[in-house]
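Here is the naming used below: chain letters follow the sequence lines, and residue numbers restart at 1 for every chain.
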Amino acid sequence: MKRLLLLDGHSLAYRAFFALPAENFSTSTGQHTNAVYGFTSMLINLLRDEEPTHLAVAFDVSRQTFRSEEYAEYKAGRATTPSEFKGQVNLVKEVLDAMGVTHLELDGYEADDILATLTTQATQAGFDEVLLCSGDRDALQLVRDNVTVLYPVKGVSELTRMTPAAVEEKYGVPPERYSDLAALVGEKSDNLPGVPGVGPKTAAKWIGQYGDLEGLVANVDQIKGKAGENVRAHLDGVLRNRRLNQLLVDVPLPVTPDDLARHDWNRDEVHRVFDGLEFKVLRDRLFATLGTAQPEAEGDVSVDGVVLGDGEVETWLAGITGRAGLFVDGTWAKGAGDASGLAIADESGRAAYVDLTTLAPEDEQALAEWLADVTKAKALHDAKGPMHALAARGLTLAGLTNDTAIAAYLVRPDQRSYGFEDLLLRYCHIELPETGKQAAGQGMLDLGDVGATQGDDAMARAAAVATLAAALDEAVADVGGIELMAELELPIVEVLATMEQAGIAVDLDALHELEADYDAQVVAAQQDAWDAIGGEQVNLGSPKQLQVVLFETLGLPKTKKTKTGYTTDAEAIADLSEKAPHPFLDALLRHRDASKLRSTVQGLIKSIGDDGRIHTTYQQTIAATGRLSSTDPNLQNIPIRTESGRRIRRVFVVGEGYDCLMSADYSQIEMRVMAHLSGDEGLIQAFNDGEDLHRFVGSRVFGVEPSEVTSEMRAKVKAMSYGLAYGLSAFGLSKQLRISTAEAQRLMDGYFERFGGVRDYLRQIVDDARATGYTETMMGRRRYLPDLTSDNRQRRDMAERMALNAPIQGSAADIMKKAMLGVDEALRAANLRSRVLLQVHDELIVEVGAGERDEVERIVREQMGAAADLAVPLDVNVGTGRSWQDAEH
DNA sequence: TCGAAGACGTA
DNA sequence: CGTACGTCTTCGAC
């Protein structure tokens with residue numbers, strides 16, 4: 001059975017472009033994707049529904065064809081192609097490349113000519129069926145018993161099957177005569193005028209009468225009335241139309257239909273391309289479709305599994321060869337939950353399952369020793385969770401030499417999600433057997449002879465972890481990340497687990513008080529706001545309703561545009577307040593402030609554990625620069641800028657049995673990293689002189705003595721210094737400082753004149769990244785930025801700013817991770833009870849045991865200060881107090 | 001129920 | 001037209 005599916009890429013993408021609202025389909029970088037999305041969606045549906053064995057997509061190259069040569073007006077008068085569409089054609093081709101779909105284009109020919117040629121060749125070569133998907137009606141002339149045109153009717157999801165009968169029913173002529181009919185009627189979109197007054201009905205009647213266009217021409221004098229006059233008057237045009245709408249069937253193509261057999265597609269490429277396009281649902285649909293039509297998984301790992309009984313653990317563990325892949329059964333969430341079972345698989349294909357709930361003492365002892373033995377190499381996927389679960393059973397995990405989630409993150413840090421089964425497919429081309437089944441087959445993990453159903457799934461996963469870890473070892477090595485993984489990322493997992501488990505104590509009464517306070521403020525501000533507009537009870541939390549009040553009811557000047565209207569953000573409201581003061585605006589800002597703080601407090605209250613402490617979760621594989629992030633709750637964004645917000649920090653307190661909280665933070669770490677990496681003498685001197693950085697820089701930029709730097713000058717310089725590391729433009733700086741672009745430019749020029757090394761360095765980063773494709777931190781953490789060479793200016797600019805920032809932010813993150821390892825290790829080595837609780841990018845919060853304060857301070861200063869050897873000192877500020885707020889300085 | 005958009009908190 | 005995050009609320013689509 002040979003079934004060829006041919007698509008007119010251009011016409012389908014163009015249809016999709018108008019069918020799907022562009023504003024709903026664009027990436028975070030601003031690239032429109034509606035046409036790509038619609039086209040890809042159609043393609044996936046076609047693959048699913050039609051199951052073609054052969055496949056190709058044709059594109060138009062330019063409008064220069066034999067048609068435009070014969071008739072200069074061909075397709076003239078068309079609206080120019082929207083620029084939002086143009087760029088998407090290349091993206092469509094990228095999708096096709098990733099999916100392994102052949103696409104064809106040939107100078108001087110239209111896509112439909114290519115389709116017609118392939119259709120003819122396929123028919124002659126004995127293909128059973130040809131399916132043509134095109135939004136161009138000319139394709140209808142190709143319809144035959146075994147050639148069907150799938151014509152999009154509306155949107156991107158509905159296609160009509162144009163069989164010979166369907167063509168005849170719709171147009172009143174058989175497909176062979178469709179071109180005759182079209183020649184008479186004309187085609188507006190091709191700028192081919194037909195005979196005035198002659199529509200499809202009349203044309204069909206004539207063709208029925210005279211057989212075809214030739215017959216009609218021979219008898220044209222017999223046609224009566226006005227229509228007859230018109231057709232005689234326009235005969236030349238009709239014949240020209242007929243020549244032009246005839247599709248070519250002899251286009252010189254580099255392929256034959258047989259070459260179009262569907263072949264392997266590149267899963268990595270699909271991930272890469274779809275990641276870039278931010279297609280999530282579509283990717284799932286694609287995998288679901290192709291997964292069944294054409295199994296991608298091809299690996300075959302077989303496992304001999306055994307459920308260990310009493311007394312069998314030690315012997316089995318002793319027989320392990322190579323690194324063990326582990327999978328932990330059970331549930332866990334930070335402080336709570338525990339492990340119920342453990343599956344272990346080794347490199348020789350042995351696997352075992354241990355039921356942790358019914359473990360005999362001697363087995364437990366053997367297992368505990370093996371788990372805690374650093375010399376017994378282990379691999380897990382996302383080990384921190386399992387560590388918590390094992391810890392809940394008193395088991396310690398050591399000897400981690402690969403965490404597959406972290407390894408995948410180091411290889412491609414921009415991904416944000418590293419699902420185990422996705423990675424397994426991507427790196428090993430294997431799939432897990434279905435849960436509960438012993439499914440063994442192509443691309444499935446073969447469980448071999450398993451003694452019992454218990455633990456099957458877990459053992460399969462453990463075996464898969466081992467396999468995946470081996471593949472990822474290589475991938476990590478390819479990006480030069482072996483040391484980073486071994487020395488930084490893997491050791492830090494355990495530190496994070498300990499921090500999460502410890503949590504931080506909060507004063508619940510104080511939290512409730514705060515909530516009540518903020519709540520009262522919210523209510524008061526809301527009342528004030530309502531009063532200010534005559535009592536209308538608008539929802540102040542709804543930007544939509546606010547826009548009505550601000551710009552219609554109050555008639556205030558319009559603010560900056562957003563996707564759906566005009567912004568009501570705090571900056572814009574403050575601006576409005578200056579231009580057109582109104583009590584509503586003031587009340588609105590107060591309401592925003594208070595309700596934000598209220599919900600922060602409410603969130604904290606909800607997340608307090610049974611132990612009266614808040615246990616955040618640190619995400620180690622989210623931030624593309626190498627930073628950690630904190631969720632559930634996020635303790636890295638607790639307010640500090642306003643006094644009202646700082647009250648929340650007072651609620652985080654030292655726990656019972658401890659002396660105080662200690663906050664230790666790096667002073668201007670990113671600026672110091674920049675000084676070091678750039679080697680700029682001026683900036684290095686600024687830090688080594690030990691005086692106020694911004695004052696120093698200000699004196700250089702403004703050409704005055706440090707003592708003469710005003711606070712205003714200092715503020716400007718400070719904003720600029722920090723902005724540099726983000727790729728700030730003169731425009732952005734001018735907006736932030738509320739100065740003219742010219743003055744902002746002068747400021748930046750002045751800065752770069754005095755600190756030329758910084759400018760050179762920033763340029764160098766981007767140049768290097770463009771050449772190599774990635775940026776690198778001090779510890780070799782890479783970030784790949786393919787958009788640096790994008791045709792799309794917005795995407796390219798964005799990638800350049802990321803390239804600028806990634807080594808700076810990322811090196812600072814590396815340093816902090818190193819410091820955390822040092823502090824944690826030193827605290828243990830000194831046998832102190834003190835422990836690290838929180839990390840907020842450049843700050844550590846330590847809970848200090850009784851009488852340990854001085855020693856802890858010494859350790860923290862030493863370890864944080866020694867985390868990197870820079871050309872400038874790593875200054876650390878330390879403070880202590882009963883609460884987080886008190887510990888700040 | 002889910003996701004997008006808008007808003008805003010941190011470094 | 002400034003990087004990196006997470007969370008909350010509203011609102012409309014499903």
Could you pull out the protein-nucleic contacts involving nucleotides 12-14 of chain C (nitrogen or oxygen on both sides, under 3.5 Å)?
{"residue": "C/dG12", "atom": "OP1", "partner": "A/Lys544", "partner atom": "NZ", "Å": "2.4"}

*Does the side-chain hydrogen bond (donor to acceptor under 3.5 Å, both in side chains) test come out yes or no for A/Gln526 and A/Trp530, once each step is laid out?*
CA-CA 6 Å; A/Gln526 176 173 261; A/Trp530 289 350; 4.8 Å; no
*Hey, is the main chain of A/Ile640 close enough, under 3.5 Å, to the side chain of A/Arg646 for a donor-acceptor pair?*
yes
*Answer with yes or no whether A/Gln736 presents, from its side chain, a donor or acceptor under 3.5 Å of a partner atom in the base of C/dG2.*
yes
*Please state how far atom CE in A/Met802 lies from atom P in C/dG2, giving the value in whole angstrom units.*
13 Å
_Aromatic ring proximity, centroids under 6.0 angstrom, A/Tyr761 and A/His676_ = no
*When we call it a touch if two heavy atoms are under 4.0 Å apart, what does A/Ile638 touch: a base, just sugar-phosphate, or nothing?*
sugar-phosphate
*Can you check whether any acceptor in the base of B/dA11 is under 3.5 Å from a donor in the side chain of A/Arg627, or vice versa?*
yes
*asked:* Regarding A/Arg783, tell me which of base, sugar-phosphate or nothing describes its non-hydrogen contacts under 4.0 Å with the strands shown.
replied: sugar-phosphate
*To the side chain of A/Lys596, which of B/dA11, B/dC8, C/dA4 is closest?*
B/dC8
*Round to the nearest Å and state the distance from A/Ile808 atom CD1 to B/dA11 atom P.*
18 Å
_At 4.0 Å (heavy atoms only), tell me whether A/Thr600 reaches a base, stays on the sugar-phosphate, or touches nothing._
nothing
_Distance in angstrom units between A/His591 NE2 and C/dT9 C1', rounded_ = 11 Å
*Calculate the interatomic distance between A/Asn539 atom CG and B/dG6 atom C1'; express it in whole Å.*
13 Å
*To the nearest angstrom, how far is A/Asp414 atom CG from C/dT3 atom C1'?*
12 Å
*asked:* Assuming nearest nucleotide by heavy-atom distance, tell me which of A/Gly603 and A/Ala719 is located more 5' along DNA chain C.
replied: A/Ala719
*Heavy atoms under 4.0 Å, any strand shown: does A/Ala812 hit a base, just sugar-phosphate, or nothing?*
nothing
*asked:* Strictly below 4.0 Å: does A/Arg641 bring a side-chain N or O up to OP1 or OP2 of B/dG9?
replied: no
*asked:* Categorize A/Leu733 for me: base, sugar-phosphate, or nothing, with a 4.0 angstrom heavy-atom threshold over every strand shown.
replied: nothing
*Quick one: label A/Arg598 by what it contacts on the DNA or RNA (base, sugar-phosphate, nothing), any heavy atom closer than 4.0 Å.*
nothing
_Proximity to the side chain of A/Arg416 - top-ranked nucleotide from B/dG9, B/dA7, C/dG6_ = C/dG6
*asked:* Classify A/Ala730 by what it touches in the nucleic acid, base, sugar-phosphate, or nothing, heavy-atom distance under 4.0 Å.
replied: nothing
*Return the value, rounded to whole Å, for the distance between atom CG of A/Asp632 and atom P of C/dG6.*
12 Å
*asked:* Using only modelled atom types and a 3.5 angstrom limit, is any donor from either the side chain of A/Asn634 or the base of C/dG6 paired with an acceptor on the other?
replied: no
*Give A/Ser595 one of three labels, base, sugar-phosphate or nothing, depending on what nucleic acid heavy atoms sit under 4.0 Å from its own.*
nothing
*Could you tell me whether A/Asp797 contacts a base, only the sugar-phosphate backbone, or nothing, with contacts defined as non-hydrogen atoms closer than 4.0 Å?*
nothing
*With sugar-phosphate meaning primed atoms plus P, OP1 and OP2, does A/Met798 contact a base, only sugar-phosphate, or nothing at under 4.0 Å between heavy atoms?*
sugar-phosphate
*Scan A/Leu628 against the nucleic acid and name what it touches under 4.0 Å (heavy atoms): base, sugar-phosphate only, or nothing.*
nothing
